[in-house]
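Heads up: the structure comes next, in structure tokens.
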Amino acid sequence: IIFSQSFSIIFTIIIIIIRFTIYLLQKLLPRKSLSEKYGLNSWAVITGASDGIGKGFAHVLAKSCFKVCLIARNPEKLETVKEEILKASPNTEVKIVIGDFKKSLEPGFYDKIYDQIKNLDVSILINNVGVGNTGFFHKIDDEKINDVILVNHFPQYFMTKKLIPNLLNRPKNLKSGIVNISSINGIRPFPYVCMYSSSKAYNDILSRSLNVEFKDRIDILSLRPGY
């Protein structure tokens, strides 16, 4: 028993030392910038880019030496965001693609979007577009339920599927990245937002499963914000 306890203590100390060493190395060793890791002046494609998190990503990535492609349904809002980005980051490029993801089931919907970005050196995909609703499940309007399924599920699946071949064909010295916006609502039960929560759980599991599949070449992250 004494030997077992001593071994356990020694093993714990070794693990602490290893983790602390790794932490120090991460802090002290020089780290590549995002643009060095993913490619200077490569493109970041962002869905739901006219507001909120998507708009925030667009601004930050533009300041980090990425060109940005904004996808959303409202052309006026997108033009405003484009002007704001170019004012803050005049050396970048901004491309606008109009797409209403509530029309995800229309034949050729994702092909039309892909045709407008397929020739870009896309290094980062931000799957941000999403909608939500609240209320007792049995009282939620069927159209709103359809919207959650169409906008929160299909875009992350099909935008990712369309762009993964492009990301894999980039130079082997460059990584690529996909960020799927999930939510804290997707990791535990939340009443009155069950449609939204279940869709965000889907986003999270999709991201984590894809990351295991493609981790050698593509960083695939699940972002779970909470408000």
Side-chain angles (χ1 to χ4, degrees), residues 34-35 41-135 140-163 166 177-183 185 193 195-196 199-200 203 223 225-227:
L34 280 179
S35 58
N41 292 319
S42 59
W43 285 85
V45 173
I46 306 155
T47 66
S50 59
D51 292 293
I53 293 174
K55 179 180 175 180
F57 264 111
H59 275 278
V60 170
L61 289 168
K63 291 178 181 177
S64 302
C65 300
F66 290 90
K67 302 171 185 177
V68 291
C69 175
L70 314 175
I71 305 178
R73 63 179 177 175
N74 190 311
E76 290 78 17
K77 283 187 176 182
L78 286 177
E79 286 293 344
T80 299
V81 175
K82 178 179 179 179
E83 291 174 7
E84 292 173 356
I85 291 173
L86 291 176
K87 184 177 180 179
S89 306
N91 294 323
T92 194
E93 291 183 38
V94 180
K95 180 179 178 64
I96 287 176
V97 175
I98 307 301
D100 182 355
F101 288 97
K102 289 183 180 180
K103 299 178 181 178
S104 287
L105 291 182
E106 289 186 358
F109 176 82
Y110 289 97
D111 291 330
K112 292 175 184 176
I113 292 177
Y114 178 71
D115 286 344
Q116 298 177 69
I117 61 177
K118 64 182 180 182
N119 294 322
L120 305 178
D121 177 25
V122 176
S123 62
I124 294 177
L125 169 63
I126 310 293
N127 279 315
N128 168 70
V129 66
V131 296
N133 54 49
T134 60
I140 298 174
D141 184 76
D142 287 352
E143 184 177 350
K144 291 183 178 179
I145 292 177
N146 285 332
D147 288 346
V148 170
I149 295 172
L150 289 173
V151 180
N152 293 10
H153 290 74
F154 285 85
Q156 287 199 13
Y157 183 88
F158 284 107
M159 290 296 297
T160 300
K161 186 174 185 292
K162 288 286 185 185
L163 282 174
N166 300 54
I178 298 173
V179 179
N180 290 327
I181 307 302
S182 177
S183 170
N185 291 61
V193 287
M195 280 301 301
Y196 178 78
S199 71
K200 292 296 144 181
N203 299 153
L223 179 60
Y227 298 96

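This structure is a prediction, so every number in the text was calculated from the model and none was measured. Side-chain atoms are counted along with the backbone in the values below, which use heavy atoms only and exclude waters and symmetry mates.
- No donor-acceptor pair under 3.5 Å is formed between the side chain of Ser89 and the backbone N or O of Asn91.
- Between Ile113 and Phe158, every side-chain heavy-atom pair lies at or beyond the 4.5 Å cut-off.
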Test Asn152 against Lys200 for side chain to side chain contact (heavy atoms under 4.5 Å, CB included), laying out the working first. CA-CA 7 Å; Asn152 293 10; Lys200 292 296 144 181; 4.0 Å; yes

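- The CG atom of Asp51 lies 9.0 Å from the CG atom of Leu78; values are rounded to the nearest 0.5 Å.
- A distance of 8.5 Å separates OG of Ser183 from CD1 of Ile53, quoted to the nearest 0.5 Å.
- Here the OG-CZ distance, from Ser123 to Phe66, works out to 4.5 Å after rounding to the nearest 0.5 Å.
- Contact between Ser50 and Ala72 at its shortest, heavy atoms only, is OG-CB, 3.8 Å.
- We find that Lys55 and Glu84 are joined by a salt bridge, their nearest charged nitrogen and carboxylate oxygen being less than 4.0 Å apart.
- Donor-acceptor pairing under 3.5 Å is lacking for the side chains of Thr134 and Tyr196.
- Between Phe101 and Phe109, the ring centre distance stays below 6.0 Å.
- Ile178 has its side chain out of reach of Ile124: every pair of non-hydrogen atoms, C-beta onward, lies at least 4.5 Å apart.
- Between Val129 and Pro155, the shortest heavy-atom distance links the atoms CG1-CB, 3.8 Å.
- Minimum heavy-atom separation, Lys118 to Asn166: O-ND2, 3.4 Å.
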Chi angles and distances behind the side chain to side chain contact (heavy atoms under 4.5 Å, CB included) call for Val179, Asn127: CA-CA 6 Å; Val179 179; Asn127 279 315; over 6 Å; no

Decide side chain to side chain contact (heavy atoms under 4.5 Å, CB included) for Ile117 and Leu163; before the verdict, give the C-alpha distance in whole Å, the side-chain angles of both, and the deciding distance to 0.1 Å. CA-CA 9 Å; Ile117 61 177; Leu163 282 174; 4.1 Å; yes

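- Note that CG of Asp111 and CD of Gln116 are 11.5 Å apart. Values are rounded to the nearest 0.5 Å.
- To the nearest 0.5 angstrom, Ile46 atom CD1 is 5.5 Å from Leu61 atom CG.
- For the pair Ser104 and Leu150, the tightest heavy-atom approach, listed with the atom from each and the gap, is OG-O, 3.5 Å.
- The backbone N or O of Asn128 lies less than 3.5 Å from a partner atom in the side chain of Thr47, making a donor-acceptor pair.
- With no hydrogens or angles considered, no side-chain donor-acceptor pair links Asn41 and Ser35 at under 3.5 Å.
- What you find for Met195 and Val148 is that their closest heavy atoms are O-CG1, 3.8 Å.
- Asp142 CG: 12 or fewer foreign heavy atoms inside a 6.0 Å radius.
- More than 12 non-hydrogen atoms from other residues, nucleotides or ligands lie less than 6.0 angstrom from OH of Tyr114.
- A donor atom on one side chain and an acceptor atom on the other are not found under 3.5 Å apart for Asn203 and Asn180.
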Given Val97 and Leu70, is the side chain to side chain contact (heavy atoms under 4.5 Å, CB included) satisfied, shown in steps? CA-CA 6 Å; Val97 175; Leu70 314 175; over 6 Å; no

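- Residues Lys67 and Val94 fail the side-chain proximity criterion, which asks for heavy atoms closer than 4.5 Å.
- Atom CH2 in Trp43 sits 10.5 Å away from atom CG in Asp121 (nearest 0.5 Å).
- The two residues Ala62 and Thr92 come nearest to each other via the heavy atoms CB-CG2, 4.1 Å.
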